[in-house]
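Since the model is a prediction, treat every value here as computed from it, not as a measurement.
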Number of protein chains: 2
Amino acid sequence: MKPPVSDPSFTPKRERILDAAEELFARHGYDGVTLRQIAKKADVDVALANYHFGKKRDLFEATFLRRAQILNDVRLQALLEAEKEGDGTPPLEAIISAFLRPIQALKLSSDPGWRNYCALVAYINSSAVWGEEMMHRHFDPLVSRYIAALKKALPNTEPEKIHWCYHYLSGALTLTLAQTGRIDRLSEGLCQSTDSQTAYDLMIPFVAAGFERICGEP
Amino acid sequence: MKPPVSDPSFTPKRERILDAAEELFARHGYDGVTLRQIAKKADVDVALANYHFGKKRDLFEATFLRRAQILNDVRLQALLEAEKEGDGTPPLEAIISAFLRPIQALKLSSDPGWRNYCALVAYINSSAVWGEEMMHRHFDPLVSRYIAALKKALPNTEPEKIHWCYHYLSGALTLTLAQTGRIDRLSEGLCQSTDSQTAYDLMIPFVAAGFERICGEP
DNA sequence: TTGACAATTCAACAGTTGTTGAATTTTACT
DNA sequence: AGTAAAATTCAACAACTGTTGAATTGTCAA
């Protein structure tokens, strides 16, 4: 029962609560999950969630925050590397790759928890109740850096258009993260929601072409 | 208290329940809304929802179904018209327009209920629990016709790619319908979630360019 | 007016919810 | 070994949930 140096408040059961909450919140949303369901899945007493995290709302936020910083870090690193390679102004597709590839990498990583977390982010981003506040506080600071890079890569473009294009990108990504299984049904098994490789390989050029059309670059 | 000829089971309070359910379900999701909240907003007794619709789940489905047929109808008409103008094989952008413009038109219509309904569809489409089954049953039959038209407009393209491109289109549309207000914040007021005109004017060429890039047409 | 039937409300149920304070166990340090 | 603190469980609460059957009101044709 040794805590990792990084987190002094580490506890196995505490972590299991977060894992269970991640999975359940991602699938059923905030109101679709009870603390007892979470406790049962984590094989823990109900009261323990309150002891560690306080109110249900705080547990939800803690679940969201646990991996948010990691995601922001790998994304920032990808953006910085793209800017280094591009001498300060990387080409459009490199910026979009730096935005999407880190997510793909995390989903393909050994930790299966990232799949649930991605679905959780999709839920939050689609929700008018949670999305506006939480995404803004914890993701928009970095997203603003991507927007700035896009403005540099697409000069002479009204900022308004760049924001709308990012909005479409965000939508395509969000539905991909949600993994609702609808594309599987609609394509009659031809495509799979879980096929991250194809999903991101095609999303990047798709979105890049959209940006170029709207923002009038070659 | 005269029922419109079209619906023999019409009742003002019944309709008010649907209106209230539409607004609340769209914003807070299925589990985030109680029957008492709906009844209160509709200024009606709780038991009346059960009398008219049965279980809560049935009320949810009835709310979804009320406008689904209308949406499918106007969309089908738009697709047929595009096919007529294009001599059976309308160009790519005409198909995408036939898919998106009807929604824009409904949102700009006099009935403000369509705004709530669009957010409800966004919620359902983003949900792994509801999306797979309900969207498949009630929307995919028509969507398959759009897919077929896309295949005709983009011959020599692997169907897999067309399905993924439609998936990105669906994602961009879904986030637009959700109207979470995030683009307002991120753009610092430069763009508004409620600005359907710009949202769809830009979405159509954005998506068309994406299709062309992936499916290799001029 | 009466009588039927639909629409609506009233009252109440059994089960579940988030949350809390006290009791118990485990951990870590001397 | 002993002890204080942290971690965990136990037991219970008041409030709220969806749902139902009986009672009341409204509607409209005979």
**Request:** Apply the test side-chain hydrogen bond (donor to acceptor under 3.5 Å, both in side chains) to residues Asp73(B) and Gln77(B): give CA-CA distance (whole Å), side-chain angles for both, the deciding distance (0.1 Å), then the verdict.
**Result:** CA-CA 6 Å; Asp73(B) 284 348; Gln77(B) 198 162 352; over 6 Å; no

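- Residues forming a side-chain contact (heavy atoms from CB on, under 4.5 Å) with Ser127(A) (at least two apart in sequence, or on another chain): Val129(A), Trp130(A).
- Between Lys107(B) and Gln197(B), the side chains place no donor N or O within less than 3.5 Å of an acceptor N or O (distance only, hydrogens not considered).
- Counted by atom type alone, His52(A) and Thr11(A) present zero donor-acceptor pairs between their side chains at under 3.5 Å.
- Near DNA chain D, defined here as any heavy-atom distance below 4.0 Å, the residues from residues 25-38 of chain A are Arg36(A), listed numerically.
- In plain terms, the two heavy atoms of Ala62(B) and Phe53(B) that are nearest each other are CB-CD2, 3.8 Å.
- The cationic atom of Arg66(B) (NZ for Lys, CZ for Arg) does not lie both less than 6.0 Å from the six-membered ring centre of Tyr117(B) and within 45° of the ring axis.
- For the pair Asp45(A) CG and dT26(C) P, the computed distance is 14 Å after rounding to whole Å.
- Rounding to whole angstrom units, CZ of residue Arg14(A) and P of dT9(D) are separated by 15 Å.
- In this structure, Phe206(A) has its ring center at least 6.0 angstrom away from the ring center of Tyr200(A).
- If you check residues 46-55 of chain A against DNA chain D, the residues with a heavy atom closer than 4.0 Å are Ala47(A), Leu48(A), Tyr51(A), His52(A), listed by number.
- Atom-to-atom, CZ of Arg16(A) to C1' of dA7(D) comes out at 13 Å; the value is rounded to the nearest Å.
- Of all non-hydrogen atoms in Phe211(A) and Cys165(A), the two that sit nearest each other are CE2-CB, 3.3 Å.
- At the phosphate of dT9(C), OP1 or OP2 sits under 4.0 Å from a side-chain N or O atom of Lys13(B).
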